[in-house]
Structures are given as C-alpha cells and as structure tokens.
*Asks:* 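Take this structure first; my questions come after.
As a basis for the values below, the full set of heavy atoms in this structure was taken, side chains included, without hydrogen atoms, waters or symmetry mates.
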Amino acid sequence: MPPVVNVHTHFQPESVLPLVAPYGIEMTRGPDGSSWYFRSGDVEYLLPTGSEKFWGSGLGEQIAEMDAAGIDVHVLQPSPMIFGYHLPADAGAAFSRAFNDEVARAIDEHPGRFWGSAQLPMQDLDRAAAELTRAVRELGMRSCSVGYVLGADRTLADPECDEFLSVVEELDVPVLLHPVALGQDIDLAAGGAQWLRKYQVDWAWGYLFAETAAVVGFIFGGALDRHPRLRVMVPHGGGMLPYQVGRLEHHARVFARGDHAFPRPIGDYLSAFWFDTVVHDPRGLRLLIDVMGEDNVVLGSNYPGWDNAPIWETIRALPGLGEEAKDKILGLNAVERLFRTTVEVIA
C-alpha cells in the first residue's frame, strides 16, 4: 500500500516559549480556553479554533486521528506566527536550537509517525545554516520551514541567501516555505494599510499573496538558476499561481528579455516547486493538479489549524483522477520527489 504523508501540519513545544516571551512573542490559549492567541510585538491574532494536539504534550494524541484518516506521517512545522526573524540574532539562535531539540525529543517518542522541519534563525544566515546542518545531521530532521520575507529589504530568493541555499542543497532537504502574516512583515499602521487587518485579510489571505510573490521571486531573481537542486514546497495550493500561471508566463515574455532573458522556460522552473492541497474545494484541487501536474502536488491540510479540513477525502474521491495520481498526491510525491526518503506504511 502506498504511503500517505501530510506535509503541512504544525506543532509547538510549550517549553520553549519563555525564551521569546521577553521579546513580545506570545502563543497561548485564548480566554475562552479553546481559541488560540498569538502576539508578536504589537501585532495580535486570535484564532477561534484550537487544539491540545498542537502543543508538546498532545503530539501523541494526533496518532488516533492519523490512523482514522489513513495517514502514516505528519510533517511537523513550526508556527510562522513565531518565526521571530526580528529577534536579536543570539535570541533567535537559542530559540531555534531549543525548539528543534524539543521537537526531536517528541518525535522520538513516536517512531515513524512524524518528521521534523527545522525552525531557523534566518536573521543570521550563517547561524541558520549551522542550525539546519545540526538539525538534519544530529536530530534527524528532514526539512526546514522558512518564511519568504526575511527583513525590510531581503527575501529568501535574494543573492544574499545563496550560501544558505547552497547548504540546503548540500543537505538534500526541501524548503517548506510558509509566509508570516503581512502585519508581521509590514508596519501596516505606518503605511496606511490598517484595512488589511480587517476580516483577517493580512494573514488568511495575505499568505496567498506572499506565496505567489515567492514563486515569482525565486524565478525572476535567478535563485533557481543558481541553485538547480533546490526543492521548495509552497503551501495553500501555491496562492494565486495556479489560476494566474499564464500571467506569470506573460510577465516573463514582457520583462525578461535581452540580457535579462531566462535560460529556461517558465514551466521548467515550476518543476522545482511542490504545492500542497490546502484549497478547500474540489474545483480548486482539480485546477491545481491540471496546471501544476500530478507529480508536483502533495497532501497538506494545515493540521490542526483553523483551516484544517479532510482534503485527503477530497483527493480520494476526486472525479477523473486516476488511482496512480491519487497515490502520488497522497504520499508518493512527498516521499520520492520532495523529501527523497523512505517511509514505513503504518496507518
């Protein structure tokens, strides 16, 4: 039986949160006991749904749900709400190290069911590379979770990040991209953009903008030419990209000409990306598969977040999708193409 791997889940060891509390980062249960409260400086978010399975003590409680859904592996990503790239470098490095140690310890209690994705201090790229190396080689983590925007004038696709991305290639692990809320990347009040805070737009929808911008940046900035072995997972179905891939190709035809012309077609660059299935609708899922190809779509649900839904059921029941394609999307793509590893089928 082919494996089933959910590449987009989140996990937070409570024990490491005191390390970042002095810097205005807070993550806790909401006042009603069931919601989640996040704070990063003066930016606050209250999510109406929460789960004890998100915290360190609740990791093992995920297994019964995984078994019921026929899922063999959850890939545990840190929450982007507390990536903490604005922290002093020493604090960011200490937090990342403690976070990864605690995640690895929790995973060891449940062999074979969870893969770790390293939290990294991306405000200091040398320390980020060193921590990723330690997390992979010593702790057994199989990927890293990184935001796209790393400061006011730096993104992960910029040449300043080349040495870090070379380490990622050397370690042969994927980057699991995950934006932070626009309100964390941008001073919305100073920019007259407080309207983005209405109706959860800056994160529930801002993620999709940042993910689309990330794919554009990796292609137009030349990062995929400088790092041809890079593998990047883009969440939430790739943001706007599947619907606007024609616009991306036209963008390239108009602006990437002459000395700025790309050495490869846009479609070749898109093969470096994998797109998860947090799309909530079979029509959106069908579009994603049709545009990006069945080899580059991977099961993800944002478990146990506010928008987690049994998308694996939608995949299994999607009209017109063959059994081979379903097996790829449910797990084989993640195992064989994105992570390039092996997995024991358990569920």
Side-chain angles (χ1 to χ4, degrees), residues 1-12 34-36 47-55 58-77 79-80 110 112-115 117 143 145 176 178 200 203-205 207-208 211 233-239 242-243 274-292 294-335 338-339 343-347:
M1 181 179 295
V4 179
V5 178
N6 189 338
V7 304
H8 188 168
T9 81
H10 294 286
F11 175 65
Q12 175 61 55
S34 62
S35 58
W36 288 346
L47 279 63
T49 58
S51 171
E52 291 301 310
K53 302 176 183 69
F54 176 69
W55 304 100
L59 181 60
E61 297 175 19
Q62 295 185 15
I63 293 176
E65 292 187 21
M66 294 164 64
D67 289 346
I71 296 173
D72 299 294
V73 174
H74 273 181
V75 180
L76 304 177
Q77 299 192 44
S79 170
H110 311 283
R113 303 310 302 269
F114 301 99
W115 296 349
S117 190
S143 62
S145 291
L176 306 187
H178 202 305
Q200 301 82 44
W203 58 270
W205 296 93
Y207 285 164
L208 309 187
E211 288 150 5
M233 196 282 287
V234 186
H236 311 113
Y243 186 66
W274 281 260
F275 304 89
D276 82 13
T277 55
V278 185
V279 296
H280 298 280
D281 187 283
R283 295 168 299 179
L285 179 61
R286 181 79 257 182
L287 174 69
L288 175 64
I289 297 168
D290 287 346
V291 174
M292 296 307 174
E294 64 186 45
D295 289 342
N296 287 73
V297 178
V298 290
L299 169 64
S301 75
N302 194 37
Y303 178 95
W306 72 278
D307 53 348
N308 176 57
I311 192 68
W312 48 87
E313 295 178 4
T314 305
I315 296 167
R316 289 168 175 149
L318 193 65
L321 189 66
E323 293 304 312
E324 181 180 353
K326 292 177 183 178
D327 289 343
K328 288 179 180 180
I329 294 166
L330 287 167
L332 287 176
N333 285 342
V335 174
L338 180 59
F339 287 85
V343 63
E344 179 182 357
V345 177
I346 299 172

*Asks:* Are any side-chain N or O atoms of N333 and backbone N or O atoms of E294, one a donor and one an acceptor, separated by less than 3.5 Å?
*Replies:* yes

*Asks:* Indicate the atoms forming the closest heavy-atom contact of G238 with P242, along with that distance.
*Replies:* O-CD, 3.9 Å

*Asks:* Ignoring hydrogens and angles, write down the donor-acceptor pairs under 3.5 Å from the side chains of residues 309-319, residues two or more places apart or on other chains.
*Replies:*
| from | atom 1 | to | atom 2 | distance (Å) |
| --- | --- | --- | --- | --- |
| R316 | NH1 | A69 | O | 3.0 |
| R316 | NH2 | A69 | O | 3.3 |

*Asks:* Determine the minimum heavy-atom distance between S145 and Q77, stating which atoms define it.
*Replies:*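 Here S145 and Q77 meet closest at OG-OE1, 3.1 Å.
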
*Asks:* Main chain of L176, side chain of S143: is a donor-acceptor contact present, judged purely on distance under 3.5 Å?
*Replies:*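 Such a contact is absent between S143 side chain and L176 backbone.
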
*Asks:* Are side-chain heavy atoms of L332 and P3 found at a separation under 4.5 Å?
*Replies:*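 They are in contact (side-chain heavy atoms under 4.5 Å apart), so the answer is yes.
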
*Asks:* When rounded to the nearest 0.5 angstrom, what is the spacing between CH2 in W36 and OG in S79?
*Replies:* 7.5 Å

*Asks:* I need the minimum non-hydrogen distance between T9 and V75, along with the two atoms involved.
*Replies:* OG1-O, 2.7 Å

*Asks:* Could you check if a side-chain atom of N6 sits within less than 4.5 angstrom of a side-chain atom of Y303, using non-hydrogen atoms only?
*Replies:* yes

*Asks:* Go through the structure and list residues passing ring pair (Phe, Tyr, Trp, His ring centres under 6.0 Å) with W274, not counting sequence neighbours.
*Replies:* none

*Asks:* For D276, what residues pass the side chain to side chain donor-acceptor pair (under 3.5 Å) criterion, not counting sequence neighbours?
*Replies:*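 So D276 forms a side chain to side chain donor-acceptor pair (under 3.5 Å) with H8.
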
*Asks:* Any side-chain heavy atom of L321 within less than 4.5 Å of one from I289?
*Replies:*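 In contact.
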
*Asks:* Start with the C-alpha distance between D72 and M66, add both sets of side-chain angles, then the distance that settles side-chain contact (heavy atoms from CB on, under 4.5 Å), and finish with yes or no.
*Replies:* CA-CA 7 Å; D72 299 294; M66 294 164 64; over 6 Å; no

*Asks:* Taking atom CD as the centre, does E61 end up with more than 12 heavy-atom neighbours from other residues, nucleotides or ligands that are less than 6.0 angstrom away?
*Replies:*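 Above 12, so yes.
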
*Asks:* Is there side-chain contact between R286 and D290, with at least one heavy-atom pair below 4.5 Å?
*Replies:* yes

*Asks:* Let me know which of Q62, H10, E65 forms a side-chain hydrogen bond (donor to acceptor under 3.5 Å, both in side chains) with H74.
*Replies:*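 For H74, the side-chain hydrogen bond (donor to acceptor under 3.5 Å, both in side chains) check succeeds only for Q62.
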
*Asks:* Of all heavy-atom pairs between G112 and V73, which one has the smallest distance, and what is that distance?
*Replies:* O-CG2, 3.6 Å

*Asks:* Can you list everything that forms a salt bridge (charged side-chain N to carboxylate O under 4.0 Å, His left out) with D295? Sequence neighbours excluded, please.
*Replies:* K328, R337

*Asks:* Write down the atom of H110, the atom of I63, and the distance for their closest heavy-atom approach.
*Replies:*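 Smallest heavy-atom distance, with atoms named: ND1-CD1, 3.6 Å.
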
*Asks:* Can you tell me how far CG of L59 sits from CZ of R113, rounded to the nearest 0.5 angstrom?
*Replies:*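 The CZ atom of R113 sits 10.5 Å away from the CG atom of L59.
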
*Asks:* Can you confirm whether V5 sits close enough to W115 that some side-chain heavy atom of one is under 4.5 Å from a side-chain heavy atom of the other?
*Replies:* yes

*Asks:* For T277, give me all partners under side chain to side chain donor-acceptor pair (under 3.5 Å), at least two apart in sequence or on another chain.
*Replies:*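 Counting only residues at least two positions away or on another chain, T277 forms no side chain to side chain donor-acceptor pair (under 3.5 Å).
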
*Asks:* Run the side-chain contact (heavy atoms from CB on, under 4.5 Å) test on V298 and F275 for me, step by step, so that the C-alpha distance in whole Å, both residues' side-chain angles and the decisive distance to 0.1 Å come before the verdict.
*Replies:* CA-CA 6 Å; V298 290; F275 304 89; over 6 Å; no

*Asks:* When you check the side-chain N and O atoms of N302 and N308, is any donor under 3.5 Å from an acceptor?
*Replies:* no

*Asks:* H178 and H236: ring pair (Phe, Tyr, Trp, His ring centres under 6.0 Å), yes or no, with the steps?
*Replies:* CA-CA 9 Å; H178 202 305; H236 311 113; 5.4 Å; yes

*Asks:* Report the residues that fulfil ring pair (Phe, Tyr, Trp, His ring centres under 6.0 Å) with W306, sequence neighbours left out, ordered by chain and then residue number.
*Replies:*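 W203.
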
